[in-house]
2 protein chains.
Amino acid sequence: MFAYRSLRVALLGAGTVGSQVARLLIDEADELANRVGARLELVGIAVRDPDAPRDTPLPQELFTTDAESLILGADIVIELMGGIEPARTFVLQALGSGADVVTGNKALLATHGPELAEAAEQVGAQLAYEAAVAGAIPIIRPLRESLAGDRVERILAIVNGTTNFILDRMDSTGTSLENALATATELGYAEADPTADIGGYDAAQKAAILASLAFHTTVPLASVHREGITEISAAEVAAAADAGYVVKLLAICGRMTDPDTGEDAVSVRVHPALIPRTHPLASVRGGNNAVFVEAEAAGPLMFYGAGAGGVQTASAVLGDLVAVARRHVVGGPGLGDSAHAGLPVLDIGKVTTRYAISLDVDDQPGVLAAVAQTFARHGVSVEQLQQTTSDESGRATLVVGTHTARESALAETVAELATIPAVASVASVLRVEGAA
Amino acid sequence: MFAYRSLRVALLGAGTVGSQVARLLIDEADELANRVGARLELVGIAVRDPDAPRDTPLPQELFTTDAESLILGADIVIELMGGIEPARTFVLQALGSGADVVTGNKALLATHGPELAEAAEQVGAQLAYEAAVAGAIPIIRPLRESLAGDRVERILAIVNGTTNFILDRMDSTGTSLENALATATELGYAEADPTADIGGYDAAQKAAILASLAFHTTVPLASVHREGITEISAAEVAAAADAGYVVKLLAICGRMTDPDTGEDAVSVRVHPALIPRTHPLASVRGGNNAVFVEAEAAGPLMFYGAGAGGVQTASAVLGDLVAVARRHVVGGPGLGDSAHAGLPVLDIGKVTTRYAISLDVDDQPGVLAAVAQTFARHGVSVEQLQQTTSDESGRATLVVGTHTARESALAETVAELATIPAVASVASVLRVEGAA
């Protein structure tokens with residue numbers, strides 16, 4: 001075959017994704033060389049324990065514990081270790097030495113993205129991270145480049161496969177969160193410690209990355225409002241289904257106007273929400289991911305596919321690698337991300353959306369009026385109010401659907417509703433998204 | 001504001017898309033400058049008649065009939081004239097002078113793609129064409145770059161909004177093709193002469209572009225098998241619905257093995273097909289487009305959005321423009337497409353798929369056996385055979401579902417079925433795609 005030049009590729013980490021990337025680099029070496037115009041030579045894989053058992057058999061001589069030496073001799077470094085340190089130090093080292101970096105490390109990007117972007121820009125190196133959000137689904141590149149001439153207004157995204165699997169299972173079988181989580185763990189959709197997923201932490205990292213790109217604004221992870229799905233009950237899911245909705249854990253990134261100052265701003269939040277069954281996101285089943293983007297000129301777009309999985313995510317890493325390597329071959333610096341817009345990220349209290357509130361109430365005269373007055377007092381306009389007939393205990397369920405209201409006003413309303421004597425409990429408060 | 005350098009942008013054509021691009025270039029000049037790191041100065045718009053009425057008001061002094069002079073002074077040329085000539089000459093002229101080119105011209109790319117790619121590569125210029133396929137949906141860039149490290153196995157795509165609108169309307173209202181087309185024309189979904197759309201010509205051009213990119217192979221337009229929707233009847237659509245299917249005009253690009261030589265090959269075809277209602281493409285309604293990609297590592301991915309419309313397509317053009325301009329600013333040549341795989345494109349006769357055949361037969365003993373024998377004689381395995389009870393005229397409908405069979409064998413079968421005396425007519429032959 002044609003004698004291509006070689007690019008030295010160093011891999012940091014050989015977990016589920018890393019070992020698949022290594023395997024594909026070896027198995028598809030000739031094909032990749034043709035696509036890049038240079039051979040991608042995997043010169044080493046830095047791991048903590050070279051003798052640890054691996055799912056994928058890889059040449060033992062590639063393994064090393066000396067990440068620093070490996071990085072120093074590389075043209076391109078692929079970082080798939082996860083976590084903040086030592087990943088951050090290694091990536092900065094690689095960029096500092098002029099190597100291009102491909103990473104799938106969402107935690108690192110969500111917390112140190114601007115630092116890494118600046119390091120890359122200073123030396124004209126490339127930093128690519130398609131694998132960090134929504135696994136195999138190409139979403140970073142479309143946001144970075146395809147929509148670069150448009151204005152993204154809003155992103156509604158299902159970016160965590162574990163929680164989507166759980167909520168989908170609750171929806172389709174009527175089971176409890178606990179049971180659905182057990183099934184997810186059994187089938188490999190959930191990790192032994194599921195906190196990062198069901199607590200919304202994983203989705204919040206991805207939301208920060210998406211929002212930063214979409215709005216050309218640095219969005220610190222700490223400014224992302226985060227709620228997990230741990231409080232979602234089978235009853236809530238069933239009630240949503242009856243009303244034509246489905247409960248999804250959404251990452252929502254939106255442009256808005258600061259209601260207090262009138263300035264342009266953005267809000268970024270992760271929480272369970274009701275979406276109409278007719279919305280394209282409602283049909284995202286099982287462990288899949290999807291990113292629904294509303295852009296000013298392009299209109300609504302959706303990107304759908306597998307959100308996780310070693311080989312699927314490896315596809316995203318290799319896509320980045322080929323693009324980065326081709327650029328490395330033809331020369332010229334990488335295209336940096338820009339945070340030129342620098343919009344303020346608003347507190348959740350300033351966000352406006354619609355709500356569905358479910359109350360357990362005593363079925364007695366005046367309850368409805370008291371509830372309605374409470375909403376009115378806080379300026380929250382009620383669109384719909386529905387009361388079930390009471391059971392033998394004299395309890396009824398009152399479901400209130402609001403028009404668009406400010407989050408802070410809703411919170412005050414809910415706090416006051418709980419103090420009404422005839423209101424036994426506020427059973428559920430869910431935001432409604434994606435409705436016309 | 002910061003004093004950026006300027007890039008001279010020339011626009012060829014001011015139709016629906018072109019005038020929106022011009023408007024956005026003018027209205028969003030400051031924002032685009034921030035994103036690019038250079039001002040994008042629209043230096044002129046070449047049109048046939050500068051005094052023709054336009055939907056979008058644009059500065060009259062920008063218009064010129066002298067495209068050649070405009071191109072000579074430009075850093076980036078946006079070609080939105082459509083058609084082969086003079087677009088081809090202008091694009092080659094632009095690339096020859098070292099300018100980067102952004103085009104949305106599917107006819108030009110489908111027929112002269114390799115020539116343009118070579119011209120760009122010779123001078124290291126960029127050639128971008130996201131707007132040529134599926135309007136605002138980012139699909140060219142994901143195929144070119146995000147999936148560059150993966151192996152695309154198959155693409156099933158709805159790339160023509162007019163026919164999707166018509167088929168969707170037939171499906172949802174039960175109306176005829178003629179009526180649905182009339183509605184499409186009335187609502188602006190179909191042009192006065194709808195041949196390019198309903199004949200499948202537009203979709204065939206897009207299929208050639210998608211397949212060339214996905215398989216790293218030059219796919220000449222002439223090798224794309226093309227059938228339009230003109231023969232689709234309300235009865236076929238209704239029967240499909242009863243059986244849990246929906247009729248869509250699909251562009252199908254697949255890797256396959258040549259059944260005669262055993263060599264790797266591809267096939268590219270456009271025709272109406274039945275797809276199960278549970279398939280993600282089945283939910284693509286109205287004038288929307290969607291591209292469903294099956295890649296070896298990434299698994300199934302879907303890209304969904306508006307397939308046409310001036311401002312939507314303008315989004316794709318501006319995305320390309322910003323990406324191309326950023327590359328222009330930082331330097332370095334464009335990333336060319338590669339046709340290194342050079343796979344043969346097989347004739348439709350070698351393709352294998354499943355079929356649903358509907359026959360009008362005389363309800364008499366022996367018909368079923370004669371039909372079954374005909375299928376058997378040509379090696380086409382029948383999966384399902386269903387006969388309606390005959391009406392008062394003694395006619396019944398026989399619906400045959402086949403297992404996967406070779407197209408040539410199926411064609412011979414159908415030809416022979418028509419010669420059976422008890423078979424009054426072959427009412428419908430439809431391919432079945434996307435089924436498990």
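Just so it is clear: chains get the letters A, B, ... in the order the sequence lines come, proteins before strands, and each one is counted from 1.
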Legend entry - Residue pair A/Leu301 / B/Ile137: nearest heavy atoms and the distance that separates them: CD2-CA, 3.9 Å

Inset, instruction - Kindly indicate, with the supporting measurements, whether the criterion side chain to side chain contact (heavy atoms under 4.5 Å, CB included) is fulfilled by B/Arg144 and A/Arg141. - result: CA-CA 11 Å; B/Arg144 259 183 141 170; A/Arg141 197 176 305 274; over 6 Å; no

Legend entry - Rounded distance [0.5 Å steps], CE in B/Met302 versus CE in A/Met302: 5.0 Å

Inset, instruction - Could you check B/Tyr304 against A/Tyr304 for side chain to side chain contact (heavy atoms under 4.5 Å, CB included), going step by step and ending with a plain yes or no? - result: CA-CA 8 Å; B/Tyr304 163 95; A/Tyr304 163 93; over 6 Å; no

Inset, instruction - Name all residues meeting the salt bridge (charged side-chain N to carboxylate O under 4.0 Å, His left out) criterion together with B/Glu118; count only those two or more places apart in sequence or in a different chain, and write none if there are none. - result: none

Inset, instruction - For residues A/Ala306 and B/Ala298, report the shortest heavy-atom separation together with the two atoms involved. - result: CB-O, 4.2 Å

Legend entry - A/Pro280 side chain near B/Ser283 side chain, heavy-atom distance below 4.5 Å: no

Inset, instruction - Name all residues meeting the side-chain contact (heavy atoms from CB on, under 4.5 Å) criterion together with B/Thr16; count only those two or more places apart in sequence or in a different chain, and write none if there are none. - result: none

Legend entry - side-chain contact (heavy atoms from CB on, under 4.5 Å) partners of B/Glu28, counting only residues at least two apart: A/Glu296, B/Leu24, B/Glu31, B/Leu32

Legend entry - Members of residues 310-322 of chain B whose heavy atoms come closer than 4.5 Å to chain A: B/Val311, B/Gln312, B/Ser315, B/Leu318, B/Gly319, B/Val322

